[in-house]
Protein chains: 2
Amino acid sequence: MARRSDHSREELREMVLSAAEQIVVEQSYSGLSARKVAAAIGYTVGTLYLVFENIDDLILHINARTLDRLHTRMSESKSNSDDARDYLLQLCQVYIHFAAEDPHRWAMVFEHRFSEEREMPAWYMEKIARMFALVEEGIQPLAKNRSEREISQAARAIWGGVHGICILALTNTLDAAGVDSVQELSQSLISNYLKGYTAD
Amino acid sequence: MARRSDHSREELREMVLSAAEQIVVEQSYSGLSARKVAAAIGYTVGTLYLVFENIDDLILHINARTLDRLHTRMSESKSNSDDARDYLLQLCQVYIHFAAEDPHRWAMVFEHRFSEEREMPAWYMEKIARMFALVEEGIQPLAKNRSEREISQAARAIWGGVHGICILALTNTLDAAGVDSVQELSQSLISNYLKGYTAD
DNA sequence: ACCTGAACACCGTTCAAGT
DNA sequence: ACCTGAACACCGTTCAAGT
């Protein structure tokens with residue numbers, strides 16, 4: 001056919017991106033392939049390589065969008081709470097809800113490994129840092145006498161913890177399936193951690 | 001060639017399994033392929049399907065071995081400690097050390113998704129339960145007045161937490177790389193959790 | 001200039017045919 | 001009986017050639 005400029009570069013990029021997202025939502029990471037994406041938008045495989053370097057690059061940009069949506073969600077529950085502990089529990093709830101609602105895209109963020117030649121780009125690291133910053137802000141009021149480093153450590157411990165519980169739930173390793181028990185476990189983790197953290 | 005019974009079924013199975021493990025150790029999950037395994041043992045691809053149902057089945061058995069090795073390691077540090085808190089911290093240390101030492105095989109245990117038609121077999125679930133049992137035993141002395149369910153929950157919260165920190169470290173999401181900081185974060189998570197847990 | 005489509009080097013899985 | 005090897009239906013990626 002050789003359809004000349006039916007779509008601009010930008011349009012094409014957006015078409016590829018959202019078609020790929022659709023496939024991930026429906027068939028998960030392992031169901032994604034360049035050929036399926038191309039078929040979905042009515043172009044040839046080769047066309048994808050005009051707007052993305054390769055499949056890894058495409059996945060990176062899908063994941064970036066997922067992190068953006070997650071950050072937006074987490075930001076929304078910011079002002080709703082005066083109690084710092086409640087705020088952190090709420091952040092956690094939002095995170096778990098997000099993971100449960102959109103498991104395939106959420107999982108892909110953590111299933112995708114960066115190769116050694118193509119490391120995580122700075123703009124992508126920034127998106128992750130932004131998420132940790134929210135948690136750090138939440139901890140701040142509970143850690144008045146702590147150094148920045150200590151707060152950063154606590155945020156990573158808590159968030160790693162919540163994340164791990166989500167992962168184990170996803171892989172059915174907890175044999176405590178269901179969103180409710182993930183919420184319960186995470187809330188228990190955070191509550192007890194904070195109780196210990198603020199007891200000093 | 002048609003090499004008749006050069007090797008027994010059992011021998012063949014073991015050859016496939018350990019050749020596959022070698023490839024995972026060197027090239028990680030994504031580097032594993034049926035054809036590479038076959039080439040490594042000097043057989044044809046088709047032969048693999050005489051001793052394993054498919055690649056998923058092969059992976060399952062590699063993962064089972066990894067869980068066995070991990071359990072052995074964790075069991076070893078059992079009697080060394082009288083203090084329950086120290087024992088849990090030690091279990092955690094062993095876990096992180098194991099993950100750091102053999103990251104590819106460790107990661108494959110959690111990267112492998114069970115499909116909906118082929119669910120996790122009972123004998124495999126048993127291996128996971130056995131690991132949680134060790135953690136539960138560790139918590140027991142610290143939770144005299146707690147129900148079995150509560151102890152089981154605490155074990156899952158703690159272990160999920162440690163696991164999450166390992167995962168985020170593996171994917172460089174924590175930007176707090178290195179085994180030492182993983183140890184530090186995990187120890188902080190457990191210590192504070194237990195402080196809160198035993199404060200009631 | 002834009003996109004194709006065929007080629008290349010890979011996959012997992014099956015199964016008739018050879019020894 | 002045991003294993004092969006060719007076939008099938010897929011992959012990601014490249015790039016000369018067509019419009």
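Here the structure is a predicted model, which is why all the values come from computation and not from measurement. Sequence lines set the chain letters: A, B, ... in the order given, protein chains first and strands last, and positions in each chain run from 1.
- Regarding A:Glu11, its CD atom lies at a distance of 11 Å from the P atom of C:dC3, rounded to whole Å.
- Here the P atom of nucleotide D:dA7 and the CZ atom of B:Arg35 are 13 Å apart, to the nearest Å.
- In this structure D:dC3 sits in no base pair that meets the Watson-Crick or G-U test at under 3.5 Å.
- In this model, the phosphate group of D:dC2 is not approached by any side-chain N or O of B:Thr47 to a distance below 4.0 Å at OP1 or OP2.
- The separation between B:Gln27 atom CD and C:dC11 atom P is 10 Å, rounded to whole Å.
- Pairing for D:dC8 is with C:dG12, a Watson-Crick or G-U wobble pair whose two hydrogen-bonding atom distances lie under 3.5 Å.
- Residue B:Thr44 is in base contact, counting any heavy-atom pair closer than 4.0 Å across all strands shown.
- Nucleotide D:dG12 holds its P atom 16 Å from the CZ atom of A:Arg118, rounded to whole Å.
- A donor-acceptor contact shorter than 3.5 Å is absent between the side chain of A:Lys195 and the backbone of B:Ala199.
- The side chain of B:Arg9 places an N or O atom within less than 4.0 Å of a non-bridging phosphate oxygen (OP1 or OP2) of D:dC3.
- Between B:Lys36 atom NZ and D:dC11 atom C1' there is a gap of 14 Å when expressed in whole angstrom units.
- Pair assignment for D:dA17 gives none, since no Watson-Crick or G-U wobble pairing has each distance under 3.5 Å.
- Taking atom CG on B:Leu58 and atom C1' on C:dT13, their separation rounds to 14 Å, with Å as the unit.
- Distance, B:Tyr43 OH to D:dA1 P: 18 Å, rounded to whole Å.
- If you check every strand for non-hydrogen atoms under 4.0 Å, A:Ser33 touches sugar and phosphate atoms only.
- Nearest-nucleotide positions on DNA chain D for A:Gly46 and A:Gly31 put A:Gly31 closer to the 5' end.
- Between D:dT13, D:dT4, D:dA7, one nucleotide has an atom nearer to the side chain of A:Asn54 than all others, and that is D:dT13.
- Put simply, the side chain of A:Ser18 gets close to the backbone of A:Glu14: a donor and an acceptor are under 3.5 Å apart.
- A cation-pi contact links B:Arg156 to B:Phe132, judged by a cut-off of 6.0 Å to the six-membered ring centre and 45° from its axis.
- Nucleotides C:dA9 and D:dA9 place their P atoms 22 Å apart, quoted to the nearest Å.
- At whole-Å resolution of the value, CG in B:Leu50 and P in C:dC15 are 13 Å apart.
- With ring centers used as reference points, A:Trp106 lies 6.0 Å or more from A:His97.
- For A:His61 and A:Phe52, the ring centers are positioned less than 6.0 Å apart.
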